[in-house]
Amino acid sequence: MSETKKVLRIKSLYDLPREELFISGHGLCPGCTAGTIMRMLTKVTGKDTIVVNATGCVEVSTTRYPYSNWLIPWLHSAFENSGASASGIVAAIKAMKRKGIMDKDKDVKVVVVAGDGGTVDIGLQSLSGMLERKDPVMYVLYDNEAYMNTGIQRSGSTPHGAWTTTTPAGKVWRGEWRDKKDIAGIAAAHHIPYVATANPAYPMDMINKFARGLEVLNEGPSFIQVLMACTTGWRFDPALGITISRLATETGIFPIYEIDHGNFRVTFPIMKRKPVKEYLKLQGRFAHLTDEEINEIQKMVDQKVETINKMAGKTVIGPVG
Amino acid sequence: MALETVKKAIPLSTNHAIANAVKDLDVDVISAYPITPQTTVVEKISEFIAKGELDAEYIHVESEHSALSAAISASLTGARAFTATASQGFALMHEMLHIASGLRAPLVMSVAMRSLSAPISIWNDQSDLFNARDSGWIILFAHTAQEAYDTIIQAYKIAEDQNVLLPVMVGYDGYVMSHTIEPVITESREKVIKFAPKKQYPYKLDPDKPVSIGAITPPEYYYEFKYQQVNAVNNSLPTIEKVDEEFGKTFGRSYGLMECYMCEDAEALIMTNASYASTLKAFLPDIRKEGIKVGLLRVRLYRPFPLQKFIEYTSDKKTVLVIDRAISYGAPFQGPLANEISGAIVREGLKLNLISVVAGIGQRTVEYEDFLALARLAYEGKKHKETIFYGVRE
């Protein structure tokens, strides 16, 4: 085990490196927040990083042959195997360093970038394997809450009430009727050094979580779930991506927290929560919901907030007010 | 083997012979999941690592899909990577088989060939491997434990050749070979590495020379990528032949691309591979005593198919009887290899009678009397339009 390495810690966005490693010219939708997340992520990782990208929006939109938006080594092999692919790279580096095939002083970080389908559904098994083996990989989930790349089909990460093309709203179905899978909780159950949820509307918080996620790699893996508002699938004005992202946290729908060596901490406490309606009403995917159905969602979020406060041991997210 | 040679040999099953080859090749990364009858390969490798006889990273993956995924990425990072599988695990890998060859990952995999579910059968046939014949890998079959050891060594030299850069799989029969102990001569690591020095993937994942691997490829480019694979597989043939010759010069054992055994005066040939070839070699002298002039045409290199060798060996023969241990349901000939041979006959305008036989499915045993009956069938040389499902109860 090497000693804890110095990593980027920022107090303001001006502290970020100017160097761009995820460059412009990609094919992500106008208003997509994934580009913002990737740009910030690569600024934190620096150039001595290998990215494993699961099949999904970011993969298809950033490497349309013969172009690439990545100035760092990047591998896409399949949809469901990012955990295993990252493990293979880590093992190769470890063996080659030990056997003198590779410079042993060269610090190369391995980072996975995967969507919610590739993480909570089809990639869950390979992710679990990677976490359980304690392979030093930072796994970044960009969670846009459905299979956006294939045309907005529901995933295990789709929230209650959301319209998708496979959970349409009609007389019988009222959008997705199951709850969003608690993937951060599942990751945490592997007892890895660091788990966090993040939101690009709180960039400093997100960036410092990436930094912490890299810092713990000498002990084991880290898992960071980043909410990724999707203009196309969530059906909102492309200008509103960050506004809606912020509302997700302000309403308590997507609390941002970290579990650092088992210590749970909400990194952005909210004393006065906004009603969920403010978040829902800006998105076409919730447009079919009646007041009664919105009240139901409000109650579910209230319950979730109660759980979060219990975990924190005090009120870190206050009541709606 | 001559007695003098046998004295130098050690008793190894084919699975253990393969594990020894992996050790002697100083493989860097092993990524595998247990499946019968492959398991004793990776058990033995684990033992080598545990005892410090092999310095490698062993990734205990949670599935064969992940096993091959991790082997691919390790290989693309510049390590020498290995995995092993069979049957259901091999089928679970299927997606990654195509990605391994498409990304040109120079890794090696051994396949202890086994039947496929359902109904579940843990016993031998070749349904697993033949199901993946179009996955763009170089495919070799071994027919003895010694050949398996030698072929794994050759496989790395072939895969890592900078003009080849393709994954190589080495198939052999589950149980009949995987768990049967034979005399095997192993070589020193020094000699093995000298013969097959490590050559890294040339466009490896390296922050000093960043590359994007596995980009999405639009219709204007995809076809050319696939055509490069067509050329890569076809063009690997001379390298495979050369590696085998060099192996012969270095270690005194070589196998050729295809073997014709008791061939010269034979009027008909039985075409088969792996354990059926070694069994038939043992039976042929007795079969010949019955006045049945048949020989053995053993498939060693399957992809790329050494068509010129096939033409050469069959040029003066009347009949070739192809034994398939896999089924191509509803195909004109229902043995996959027979189907291909019929294509070769048409392509070359050969006057060769082809008899298609399916046998040994789920390890239905084919004994001396059965080989004798099949040899008679070949020697008679009658035309059989339908595939013969030998030994099945109707």
Side-chain angles (χ1 to χ4, degrees), chain A residues 21 27 45-53 55 59-96 98-99 101-103 106-110 123 125-130 132-133 135, chain B residues 26-31 33 54-81 83 93 95-96 98-100 102-103 105 107 198 200-201 203-218 220-222 224-225:
Chain A
L21 297 170
T45 65
K47 67 175 191 52
D48 286 337
T49 303
I50 297 171
V51 171
V52 176
N53 198 171
T55 308
E59 172 259 328
V60 299
S61 305
T62 64
T63 63
R64 192 181 160 92
Y65 186 86
Y67 306 103
S68 175
N69 300 98
W70 301 85
L71 299 189
I72 49 180
W74 177 96
L75 171 69
H76 162 250
S77 91
F79 196 3
E80 69 280 53
N81 66 352
S82 301
S85 294
S87 292
I89 296 170
V90 163
I93 291 172
K94 209 170 158 190
M96 291 194 300
R98 200 168 57 225
K99 295 165 105 169
I101 303 168
M102 186 180 160
D103 177 6
K106 178 102 181 161
D107 183 28
V108 180
K109 297 171 276 298
V110 181
Q125 179 177 315
S126 120
L127 167 64
S128 175
M130 183 203 96
E132 161 257 311
R133 286 188 300 271
D135 290 333
Chain B
D26 191 35
V27 169
D28 304 314
V29 175
I30 292 99
S31 157
Y33 187 82
L54 170 64
D55 181 4
E57 284 296 308
Y58 188 111
I59 312 176
H60 298 89
V61 284
E62 82 308 321
S63 72
E64 283 89 353
H65 193 282
S66 285
L68 187 50
S69 296
I72 291 169
S73 60
S75 164
L76 299 178
T77 311
R80 181 170 268 186
T83 188
M93 279 181 179
E95 180 193 25
M96 298 315 298
H98 291 260
I99 292 172
L103 295 180
L107 59 93
K198 287 184 191 178
Q200 290 187 313
Y201 183 70
Y203 311 105
K204 63 182 183 205
L205 294 163
D206 176 3
D208 292 335
K209 286 185 216 155
V211 284
S212 294
I213 302 178
I216 184 160
T217 310
E220 305 89 80
Y221 293 101
Y222 179 84
E224 281 68 29
F225 271 98

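Just so it is clear: chains get the letters A, B, ... in the order the sequence lines come, proteins before strands, and each one is counted from 1.
- Rounding to the nearest 0.5 Å places CE of Met96(A) at 11.0 Å from CD of Glu57(B).
- When each of Val90(A), Asn81(A), Ile101(A), Thr49(A) is scored by its heavy-atom pairs under 4.5 Å with chain B, the top score falls to Asn81(A).
- Options His60(B), Arg80(B), Lys204(B) differ in how many heavy-atom pairs under 4.5 Å they form with chain A, and the most are formed by His60(B).
- Contact of Leu76(B) with chain A is made through the side chain alone, with heavy-atom distances under 4.5 Å.
- Interface check for chain B: of the options Ser61(A), Ala86(A), Pro66(A), the most heavy-atom pairs under 4.5 Å are formed by Pro66(A).
- For chain A, the nearby parts of Thr217(B) are the backbone and the side chain; heavy atoms of each come within less than 4.5 Å.
- Between chain B and the residues Ser82(A), Ser126(A), Ser87(A), Gly83(A), the most heavy-atom pairs under 4.5 angstrom are made by Ser126(A).
- Of all the heavy atoms in Gly214(B) and His76(A), the pair that sits closest is O-ND1, 3.0 Å.
- Looking at every heavy atom in both residues, Ala84(A) comes nearest to Ser73(B) through O-OG, 4.2 Å.
- Contact of Lys198(B) with chain A is made through the side chain alone, with heavy-atom distances under 4.5 Å.
- Separation of atoms CD1 (Ile50(A)) and CD1 (Ile213(B)) is listed at 9.0 Å; rounding is to 0.5 Å.
- Here the CG-CE distance, from Asp206(B) to Met102(A), works out to 7.0 Å after rounding to the nearest 0.5 Å.
- Arg133(A) places no side-chain N or O within 3.5 Å of a backbone atom of Ile59(B) that could act as its donor or acceptor partner.
- Looking at Leu103(B), only its side chain comes within 4.5 Å of chain A, counting heavy atoms on both sides.
- The nearest pair of heavy atoms linking Asp48(A) to Pro207(B) is OD1-CB, 3.5 Å.
- Looking at Leu75(A), both its backbone and its side chain come within 4.5 Å of chain B, counting heavy atoms on both sides.
- For the atom pair Met96(B) CE and Ser77(A) OG, the distance stands at 3.5 Å (nearest 0.5 Å).
- With a 4.5 Å cut-off on side-chain heavy atoms, Lys106(A) and Asp208(B) count as touching.
- In plain terms, the two heavy atoms of Glu62(B) and Gly129(A) that are nearest each other are OE1-CA, 4.1 Å.
- In this structure, Lys99(A) and Asp55(B) approach most closely via the heavy-atom pair NZ-O, 2.6 Å.
- With a 4.5 angstrom heavy-atom cutoff, Val29(B) touches chain A only via side-chain atoms.
- Every ring-ring contact (aromatic ring centres under 6.0 Å, His included) that His98(B) has, sequence neighbours left out, goes to His94(B).
- The two residues Ala215(B) and Thr63(A) come nearest to each other via the heavy atoms CB-O, 3.0 Å.
- The candidate with the highest count of non-hydrogen atom pairs below 4.5 Å against chain A, out of Tyr222(B), Tyr58(B), Phe225(B), is Phe225(B).
- Neither the backbone nor the side chain of Tyr203(B) comes within contact range of chain A; no heavy atoms are under 4.5 Å apart.
- Neither the backbone nor the side chain of Thr62(A) has a heavy atom closer than 4.5 Å to any heavy atom of chain B.
- Using a 4.5 Å heavy-atom cutoff, the side chains of Pro210(B) and Trp70(A) are not in contact.
- Contacts with chain A were tallied for Ala67(B), Ala100(B), Gly78(B); Gly78(B) has the most, counting heavy-atom pairs under 4.5 Å.
- Going from atom CG of Asp28(B) over to atom CD1 of Ile93(A) covers 12.5 Å, rounded to the nearest 0.5 Å.
- A heavy-atom distance below 4.5 Å is not found between the side chains of Ser66(B) and Gln125(A).
- Glu80(A) CD to Ser69(B) OG: the interatomic distance, rounded to the nearest 0.5 Å, is 7.0 Å.
- Looking at Val60(A), the atoms closer than 4.5 Å to chain B (heavy atoms on both sides) sit in the backbone and in the side chain alike.
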